[in-house]
Amino acid sequence: MEITVVKLGGTEGVDFSAICKDAVELLNQGKKLVFVHGGSAEANALGEGLGTPPKMITSPSGYTSRYTDRKTLEIFLMAVNGKVNSLLTEQLQMLGVNAFGLCGLDGRLMQATRKESVQSIENGKRKIIRDDYTGKIEKVNSELLMALLDMGYLPVIAPVAVSEKGEALNVDADRAAAMVASALKAESLLLLTAVPGLMKNFPDESTLIRQLPMNQLSAASEAAQGRMKKKVLGAEEALNGGVSRVIIADGRIQNPISNALAGNGTVIE
Amino acid sequence: MEITVVKLGGTEGVDFSAICKDAVELLNQGKKLVFVHGGSAEANALGEGLGTPPKMITSPSGYTSRYTDRKTLEIFLMAVNGKVNSLLTEQLQMLGVNAFGLCGLDGRLMQATRKESVQSIENGKRKIIRDDYTGKIEKVNSELLMALLDMGYLPVIAPVAVSEKGEALNVDADRAAAMVASALKAESLLLLTAVPGLMKNFPDESTLIRQLPMNQLSAASEAAQGRMKKKVLGAEEALNGGVSRVIIADGRIQNPISNALAGNGTVIE
Amino acid sequence: MSTVNCPECEAPIEFAEGTEAGEIIVCPDCGVDLEVTSIEPAAVQLAPMEQEDWGE
Amino acid sequence: MSTVNCPECEAPIEFAEGTEAGEIIVCPDCGVDLEVTSIEPAAVQLAPMEQEDWGE
């Protein structure tokens with residue numbers, strides 16, 4: 001069964017409705033799709049609305065992530081599981097696609113290890129944070145996903161995982177997509193975002209890297225900044241996990257899935 | 001397969017953790033359980049927090065429901081799908097129960113007809129409201145639920161359904177539990193709430209009605225007020241749908257599921 | 001106040017003071033439920049049947 | 001300022017001005033990462049290994 005995992009970027013400009021319409025076509029042609037989405041923008045907005053603005057953690061190696069204490073976790077669940085996942089599932093249902101929204105808690109779809117502590121840089125000081133409900137995904141319940149696909153559903157996965165002890169954890173959506181794609185031995189992992197792909201000199205779109213062989217991947221991940229760094233790392237994990245190719249492509253245009261499948265963007269093999 | 005559908009009331013005092021602990025025991029004894037929960041309290045609180053207090057509609061025949069325009073629907077989804085459903089699923093996972101949270105949108109688990117218009121009484125005036133995302137459940141996807149049960153999961157269902165056109169709809173949790181129980185031909189439907197059961201003279205607990213035969217049901221539903229009226233109506237639908245018995249019982253005590261199954265509360269057969 | 005004819009029995013109907021769009025009024029002659037669809041110009045239509053159900 | 005001994009190499013360590021609980025400091029002698037677990041009384045422990053991952 002040839003499966004394509006599509007990660008819908010949460011950043012401004014990514015056009016969910018174009019992605020959903022494109023999916024209808026592809027499903028009609030018998031393609032098997034799995035969606036994974038983010039939600040940091042929605043979580044930030046909800047946090048602001050409730051007077052709990054997001055606190056970000058910058059790890060010593062430069063990655064930023066949300067400081068997810070218990071209160072922030074509940075806001076994250078409301079925004080990501082409640083709003084983004086439900087509205088995306090609704091949008092697909094309204095197009096006649098039988099979507100099935102879930103997250104890593106459900107049937108332990110995605111199990112992650114919760115880090116006992118996280119290091120964060122705060123105004124120059126390195127600090128240890130212990131109540132961070134963040135995790136790194138270790139296992140994906142592919143039988144569950146295959147069962148949903150066999151029942152004709154389009155799984156729509158939110159970036160929430162379950163810890164060993166059963167706690168809800170905030171996980172990175174790009175890494176989640178990579179782990180899901182690996183578990184399913186997907187043919188393609190598409191990372192749709194608000195740029196045409198990986199660029200040598202961001203934001204100059206003429207420097208788009210069209211082909212990126214595996215061996216140049218670590219160099220690329222050094223160069224990449226912030227969110228793109230996570231995508232490149234996710235790509236690396238997916239390819240190591242047995243996914244045939246990963247494509248970082250533009251999520252703002254029409255038919256973004258077909259466009260990416262046709263190789264427009266940064267194809268990493 | 002003997003199935004028990006448990007509806008967890010959202011009102012103050014209902015003890016979710018006691019219900020979850022009780023479930024662990026019963027599952028170990030091989031019992032098959034399906035949870036359905038409400039969420040109006042959470043939705044009201046979130047609405048207040050975001051400056052969009054809930055607007056209630058009282059229908060000419062005296063039922064109150066939330067006026068769910070598009071903005072309220074999103075708040076409802078965040079509270080009910082995002083918070084209540086996710087945290088209940090987490091709570092069960094932390095007790096070693098492999099819970100699976102979903103709502104009626106997912107795989108079209110619960111299809112409802114959206115009423116084109118709703119009549120509401122506002123300071124004495126009867127009014128027509130057209131943009132109300134509320135519905136009456138018509139169909140339940142029992143194959144999906146059976147598949148989840150066969151995979152060893154405990155389905156945890158939020159009171160959100162999908163309309164014919166694929167829209168998300170706010171539905172009544174007691175009626176949803178009744179429809180789910182009927183579709184599964186459940187052996188028992190338990191409505192756990194913050195009272196010991198149906199009382200002749202509310203709130204005098206000594207007037208608890210222990211046995212309520214079907215033929216006295218419509219009289220009881222006349223007498224019942226507000227939320228209890230919905231429970232009695234749900235009970236009627238479940239029994240007509242083939243459920244063997246419905247028990248309205250106390251959700252505030254220890255082992256509330258076993259207690260109800262033992263017949264403590266209002267048993268309607 | 002503007003008047004309008006009942007779609008059911010043609011009887012002339014005058015909107016009472018403070019009538020609002022979206023309100024249901026009863027035709028004084030035939031008693032049918034009418035939905036006030038607009039005040040200026042005055043317009044009514046048969047009110048949709050009341051389906052008894054309700055949300056959470 | 002209070003001083004404490006490095007659990008790795010026993011060297012005495014003085015907390016700099018403004019050091020906070022939860023902060024990571026580096027032992028001046030052996031360079032190991034130490035977590036300041038409390039200021040008064042001064043206490044440190046080996047900082048947990050930095051696992052590279054991050055949330056959404």
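On a predicted model such as this, the values are computed, not experimentally measured, just so you know. For the numbers below, each heavy atom of this structure counts, side chains included, while hydrogens, waters and symmetry mates do not.
Using bins of under 30°, 30° to 60° and over 60° for the plane-to-plane angle, the ring pair A/Y153/A/F100 lands in the tilted bin.
In this structure, chain A has heavy atoms under 4.5 Å from both the backbone and the side chain of B/K83. B/L50 touches chain A through backbone and side chain together, each having a heavy atom under 4.5 Å away. For chain A, no part of B/D150 is nearby; none of its heavy atoms comes within less than 4.5 Å. Looking at B/A168, the atoms closer than 4.5 Å to chain A (heavy atoms on both sides) sit in the backbone and in the side chain alike. Of the two parts of A/L105, the backbone and the side chain both hold a non-hydrogen atom closer than 4.5 Å to a non-hydrogen atom of chain B. Both the backbone and the side chain of B/E90 have a heavy atom closer than 4.5 Å to some heavy atom of chain A.
Considering all non-hydrogen atoms of both residues, A/V80 and A/A158 come closest at CG1-CB, 3.7 Å.
The greatest number of non-hydrogen atom pairs below 4.5 Å with chain A, out of B/E143, B/R108, B/E167, is found for B/R108. Note: B/L77 leads B/L73, B/L46, B/L77, B/L148 in heavy-atom pairs under 4.5 Å with chain A. Annotation: maximal heavy-atom pairing with chain A below 4.5 Å, among B/G49, B/G101, B/G96, occurs at B/G101. Among the candidates B/L154, B/L92, B/L144, B/N85, the residue making the largest number of heavy-atom pairs closer than 4.5 Å to chain A is B/L144.
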Item to check | Worked verdict on B/M146 versus B/I3 for side-chain contact (heavy atoms from CB on, under 4.5 Å) | outcome: CA-CA 10 Å; B/M146 297 307 284; B/I3 299 173; 4.0 Å; yes

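Checked by atom type and distance alone, the side chain of A/N255 never pairs as donor or acceptor with a backbone atom of A/D22 at under 3.5 Å.
Listed by chain and number, the residues in a salt bridge (charged side-chain N to carboxylate O under 4.0 Å, His left out) with B/K21 amount to none (sequence neighbours excluded).
Between A/D69 and A/K55, at least one side-chain N (NZ, or NE/NH1/NH2) sits under 4.0 Å from a carboxylate O, which counts as a salt bridge.
Between the side chains of A/N170 and A/T134, no donor N or O sits under 3.5 Å from an acceptor N or O.
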